[in-house]
Q: 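Have a look at this one before I ask anything.
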Amino acid sequence: MAVGCVRVALAVLLQLSVWIPVALQCSISESQTGQVIRLLNIMVQSENSSAASGSTPNPSILLALRLASHHDSDTERRMLARLQVDAVKRVQEGLPFSSGTVALYCLAMQASCADPSLTPAPGLKGGKKALDLRKLLEKKLKEEIDNIDYKNIPLTNYYQVSLDILALCMMGKAVTSHSVQSLIEASDNGGFSYGEKYSVDTASVAVLALTCVKRSIKAPNRMVLCLKILNALKCLIKNILQETTSDGLIGNLYSTGLAMQALSVTSTNYDCSRTIQTLLERAGSGSFENPMAASQITPSLENRNYLELNKLDCKDFEKTLDGSALPLVPPTAPEGVITVHYRVEDGIHYSFNDSIEVTVPVGSSLLQVMEEAAKISPAKFRFTVEQSSWGPFVTSIQVLAGNTEERTYWQFLTGSNALDQGVGDYKPYDGEYIVAKFSTY
Ligand code: B12
């Protein structure tokens, strides 16, 4: 007879007298929906310009649009088609397709009522008509786990391993106990930290993944795994809650959305009114204009989470998003100039440490400061970037490049505090000291 994990869970919870489930009421009020619609508009507009310029679609945006209560069905349908074409292209042409990206594609397709294992692929080798993305994801996850087994770190990171397990579980695929245990071990042994910083983002996606697996366990022979999951969830939630700040954020501004999803699926007793208030204030002052940031916050503002994506109504496209009613405020032309102190420093081998003062127009991004520095003194300040879903990621300064295997990267700080935005979004203030430090994580 099949025994539900939940029943065992209840017994364990009673025995350990751990947290008591309390429904989490965390959504915005009716009068605040305008703010969410504005963020949805930012995503729709970024999708429109990405489609027009032929750049790669962003699955995280489609996921957020599908989970929202207002829809732009044309955009959603077009995004799904673009994701399907792009997945086939990446496979056919052997282009980069990290495990977490495949997972996000699968989640976005699932949320759009399309089966990832039957992705239309007209020109596929061997006369096949469909690409099986689920199978590909299983293979990608196996590669991650093999790497953990041999080298003690995943090929990418534990955020992506969590996404992989979450996506496979949401597709109804039984994830191997070994994969789940690898994730649990990492969560116990500091695998979710970058440098000294605990990654609330990673812990939150791990909570979603483990909760999905826990809910799917039916067979009695997986009870040991079930208990391990329950224990891991308890620790993860405790760690996440420890990162709460006085203004209600969890981790930082950009991990709070995922953390709220994690807290909501585990029914943790957490009052989120302060959190919502801060998020809305910061959204109002322009902190979520990056479409990727918008995509990770909107589900939580409406109290939705990634575990609900299989329940979405495929025909429910009537409530159309009225973009024209909410015009984006045109940016006011900045006036004047600011001076920024910029230093680049090899914090690992101490091979260089160079500083400069740069004058740029008010409202310039850190990227513009770096470009100006590189113009003045290319030998010391030249740099390269790679485009990612969050914008430009700095890969090298001078000739020193970050490396995934060595776990090195260029970290950006204001004074001694790490920036919570990338160089494309962060706007330095007059007189600010910005440091780019070559570091390990
Ligand atoms: C892992 C990770 C890293 C790793 C990436 C390398 C690795 N081994 O994977 C490291 C430690 C290097 C890193 C660095 C930084 N990160 Co980071 N990172 C993440 C994390 C936890 C997961 C990313 C991921 O794998 N996504 C899944 C895959 C499928 O998507 P992807 O787009 O292909 O992922 C790639 C990019 O996201 C890129 N990347 C990672 N971080 C950042 C940050 C920026 C600004 C950009 C443009 C790209 C980028 O690396 C990923 C792997 O290749 C996210 C959390 C989140 N909520 O997304 C934060 C996150 C994206 N990072 C963030 C930040 C702020 C940074 C830094 C700017 C921190 C700093 N002060 O220096 C630097 C980037 C500096 C630079 N050189 O340009 C913020 C971005 C917020 C924002 N509004 O922009 C996030 C959301 C964390 C947070 N809550 O603050 N990061």
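One-based numbering, in listed order, for ligands and for the atoms of each.
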Q: So, does Gly251 sit close enough to ligand 1 that a heavy atom of it is under 4.0 Å from the ligand?
A: no
Q: Could you walk me through whether Tyr409 and Tyr441 pass the ring-ring contact (aromatic ring centres under 6.0 Å, His included) check?
A: CA-CA 8 Å; Tyr409 77 117; Tyr441 57 86; 5.5 Å; yes
Q: Taking salt bridge (Lys or Arg N to Asp or Glu O under 4.0 Å) as the definition, give me every residue that meets it alongside Arg382, ordered by chain and number, with sequence neighbours left out.
A: none
Q: Give a yes/no verdict on whether any heavy atom in Asn290 is under 4.0 Å from an atom of ligand 1.
A: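 The answer is no: ligand 1 sits nowhere under 4.0 Å from a heavy atom of Asn290.
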Q: Give the atom numbers and elements of ligand 1 that come within less than 4.0 Å of a heavy atom of Asp201.
A: 55 (C), 56 (C), 57 (N), 86 (C), 87 (C), 88 (C), 89 (N)
Q: Short N/O distance, under 3.5 Å, between Leu163 and ligand 1?
A: no
Q: Would you check if Thr339 and Val358 make a side-chain contact, meaning some heavy-atom pair closer than 4.5 Å?
A: no
Q: At under 4.0 Å between heavy atoms, is it the side chain or the backbone of Leu258 that contacts ligand 1, or both, or neither?
A: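 Looking at Leu258 and ligand 1, just side chain atoms fall under 4.0 Å.
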Q: Out of Ser388, Ser287, Ser99, whose heavy atom sits nearest atom 36 (C) of ligand 1?
A: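 Answer by nearest heavy atom: Ser388.
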Q: When you measure from the heavy atoms of Ala293 to every atom of ligand 1, does any distance fall below 4.0 Å?
A: no
Q: Counting both backbone and side chain atoms, is some N or O of Ala418 under 3.5 Å from an N or O of ligand 1?
A: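 No, Ala418 has no N/O under 3.5 Å of an N/O on ligand 1.
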Q: Would Gln421 count as being in polar contact with ligand 1, using the rule that some N or O on each side must be under 3.5 angstrom apart?
A: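 In this structure, Gln421 places no N or O atom under 3.5 Å from an N or O of ligand 1.
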Q: Does a salt bridge link Arg90 with Asp86, judged by any charged N lying under 4.0 Å from a carboxylate O?
A: yes
Q: Just need the protein heavy atom nearest to atom 4 (C) of ligand 1, so name the residue and atom and give the distance.
A: Tyr194 CE2, 4.4 Å
Q: Would you say atom 51 (C) of ligand 1 has a protein heavy atom nearer than 4.0 Å?
A: no
Q: Under a 3.5 Å threshold, yes or no: a donor from one side chain and an acceptor from the other, between Tyr105 and Gln84?
A: no
Q: Nearest heavy atom to atom 6 (C) of ligand 1: which of Trp410, Tyr254, Tyr441, Tyr409 does it belong to?
A: Tyr441
Q: Are the charged groups of Asp74 and Arg77 less than 4.0 angstrom apart, N to O?
A: yes
Q: Ligand 1 and Asn157, any nitrogen or oxygen pair closer than 3.5 angstrom?
A: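 N/O-N/O distance below 3.5 Å exists for this pair.
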Q: So, using ring pair (Phe, Tyr, Trp, His ring centres under 6.0 Å) as the criterion, who are the partners of Tyr306 when residues are at least two apart?
A: none
Q: Any N or O on Thr202 sitting closer than 3.5 Å to an N or O of ligand 1?
A: no
Q: Salt-bridge test for Lys135 and Glu138: reply yes if a basic N is under 4.0 Å from a carboxylate O, no otherwise.
A: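 The answer is no: the pair does not qualify as a salt bridge.
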Q: Hey, does Leu419 come in under 3.5 Å of ligand 1, counting only N/O atoms on both sides?
A: yes
Q: Which of the atoms in ligand 1, numbered in the order shown and given with their element, are less than 4.0 Å from a heavy-atom of Gln296?
A: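 Those atoms are 56 (C), 57 (N), 58 (O).
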